[in-house]
Colleague: 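Here it is: the structure, laid out below.
So that the names make sense, note that chain A is the first sequence line, chain B the second, and so on, each numbered from 1.
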There are 2 protein chains.
Amino acid sequence: MKLEDEIQQRAFKNAYQKAHLNVVFTAGWLQQRLAAAFKPYGLTLPQYNVLRILRGQHPKPATVNLLIERMLDKTSNASRIVDKLEAKHLVTRQICPSNRRAVDIRITEAGLELLRQTESLADGQSQGLHNLSAEEAAQLSDLLDKIRD
Amino acid sequence: MKLEDEIQQRAFKNAYQKAHLNVVFTAGWLQQRLAAAFKPYGLTLPQYNVLRILRGQHPKPATVNLLIERMLDKTSNASRIVDKLEAKHLVTRQICPSNRRAVDIRITEAGLELLRQTESLADGQSQGLHNLSAEEAAQLSDLLDKIRD
DNA sequence: TGGGAACCAATGTTGCGACATATAATGTAT
DNA sequence: ATACATTATATGTCGCAACATTGGTTCCCA
């Protein structure tokens, strides 16, 4: 649907304002769909992303610092997201022996299994972008990169 | 900066996955900058957006329903955002005489004045997109519209 | 080696998104 | 007119973002 109709706004000041709103609105649209896909598994998107990072490290542990570095949202509260995952026994937390300030966080077998079950979800959702051609998707990425230059 | 560096991820499965992440990441980047611009004025972005809608209606009142319809995020809690604005005397709330279920919400003079002071902020931020040409911005919007088709 | 700087994680607070439920007012059908 | 559905808003709960602060640990160097 055209942005004008989605947000009930008739006109935009210029192409920049419209593109700005469109990026924000489309991101929300994508995230909402993705979150809905993970909901049946009791996972929120931030929790899913942390699990993915932990799987990437497996069987090595990760620290909270490493999670923050790797997360899309640097200012999120990784520590409290790990709380939730720990309560669901999807990760373990253990004081790092070589540096007792840090905490070793590891994904459990249950966590790995849950990721296996949800394997196709994220890809499936990215394929919501398949009304674009691969070239258009690449072009979109380039334009977005340019914004943040 | 290139997305790969921003999120410390070396490779993407395909152009679709990369574009998906890039939309989400760029939206967060834009919103964070915009929120920072409004912070000195004690306004959050949802509060600002509600004020803008109310100015659009002024001097007619708006209802909570109308706010929800017009907001980017339909599932937000408009009622509680109005609470915050009311506490800051930027809006007034009054039971609608002709339909006592509804509530007439109006922007106050203080609210209008605050919008005047922040007039340039949103535009200024959209101009963060000015490393794009107007054509590129339009093209970006078209690609995003296509995603949501 | 003693003390302050730097580091790492946890916690407290505020505001919002998502979702379910409550409460009150209005509309409608018989 | 009464019962029932519908509408409009408010409220409760959970999880997360943003930001500040705290507490414990390690580092470094004078």
Colleague: Roughly, in whole Å, what's the span from CG in A/Asp73 to P in D/dC19?
Modeller: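 Taking atom P of D/dC19 as the reference, CG of A/Asp73 is at 10 Å.
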Colleague: Hey, mind stepping through A/Glu119 and A/Arg55 against salt bridge (charged side-chain N to carboxylate O under 4.0 Å, His left out) and telling me if it holds?
Modeller: CA-CA 12 Å; A/Glu119 198 68 69; A/Arg55 181 174 63 180; 3.7 Å; yes
Colleague: Under 3.5 Å, is there an N or O donor on one side and an acceptor on the other linking the side chain of B/Asn77 and the base of C/dC19?
Modeller: yes
Colleague: Can you tell me if B/Thr63 touches the phosphate of D/dT9, counting only side-chain N or O atoms and a distance under 4.0 Å to OP1 or OP2?
Modeller: yes
Colleague: Could you tell me whether A/Glu86 and A/Arg106 have a side-chain N and a carboxylate O separated by less than 4.0 Å?
Modeller: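 Judged by the 4.0 Å cut-off on N to carboxylate O distance, A/Glu86 and A/Arg106 do not form a salt bridge.
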Colleague: Does OP1 or OP2 of D/dT7 have a side-chain N or O of B/Arg100 closer than 4.0 Å?
Modeller: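 No, because none of the side-chain N or O atoms of B/Arg100 sits under 4.0 Å from OP1 or OP2 of D/dT7.
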Colleague: Rounded to whole angstrom units, what separation is found between the CZ atom of B/Arg93 and the C1' atom of D/dA8?
Modeller: 12 Å
Colleague: Considering every strand and a 4.0 Å limit on heavy-atom distances, what is the contact class for B/Lys39: base, sugar-phosphate, or nothing?
Modeller: sugar-phosphate
Colleague: In whole angstrom, give the distance that lies between atom CD1 of B/Ile105 and atom C1' of D/dA8.
Modeller: 11 Å
Colleague: For A/Leu30 and C/dG17, give me the distance from atom CG to atom C1', rounded to whole Å.
Modeller: 17 Å
Colleague: Tell me whether the OP1 or OP2 atom of C/dT14 has a side-chain N or O from B/Lys84 closer than 4.0 Å.
Modeller: no
Colleague: Think A/Gln47 has a side-chain N or O under 4.0 angstrom from the OP1 or OP2 of D/dC16?
Modeller: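 Yes, within the criterion.
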Colleague: Quiz question: going by heavy-atom distance under 3.5 Å, is there a donor-acceptor pair between the base of C/dG12 and the side chain of A/Arg80?
Modeller: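 Such a pair is found, so the answer is yes.
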Colleague: Is it true that a side-chain atom of B/Asn77 and a backbone atom of B/Ser79 form a donor plus acceptor pair closer than 3.5 Å?
Modeller: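 Checking the backbone N and O of B/Ser79 against the side chain of B/Asn77, no donor-acceptor pair under 3.5 Å is found.
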Colleague: Hey, does the side chain of B/Ser79 come within less than 4.0 Å of D/dA8's phosphate (OP1/OP2), counting only N and O?
Modeller: no
Colleague: Would you call the rings of A/His130 and B/Tyr16 parallel, tilted or perpendicular, taking 30° and 60° as the class edges?
Modeller: parallel
Colleague: Considering only heavy atoms and no angle criterion, is a donor-acceptor pair shorter than 3.5 Å present between the side chain of B/Arg101 and the base of D/dT7?
Modeller: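 Check passes, donor-acceptor contact within cut-off.
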Colleague: Would you mind classifying the nucleic acid contact of A/Asp83 as base, sugar-phosphate or nothing, using non-hydrogen atoms under 4.0 angstrom?
Modeller: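 Contact class for A/Asp83: none.
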Colleague: Could you state the atom-to-atom distance from NZ of A/Lys88 to C1' of D/dG15 in whole Å?
Modeller: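 In whole Å, D/dG15 C1' and A/Lys88 NZ are 10 Å from each other.
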Colleague: I want to check one thing: is the phosphate of C/dG17, taken as OP1 and OP2, less than 4.0 Å away from some side-chain N or O of B/Ser76?
Modeller: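 True: B/Ser76 side-chain N/O within range (under 4.0 Å) of C/dG17 OP1/OP2.
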Colleague: Hey, is the side chain of B/Asn65 poking within less than 4.0 Å of OP1 or OP2 on D/dT9, counting only N and O atoms?
Modeller: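 Checking B/Asn65 against D/dT9: at least one side-chain N or O falls below 4.0 Å of OP1 or OP2.
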Colleague: Any side-chain to backbone donor/acceptor pair from A/Thr108 onto A/His89? Under 3.5 Å, distance only.
Modeller: yes
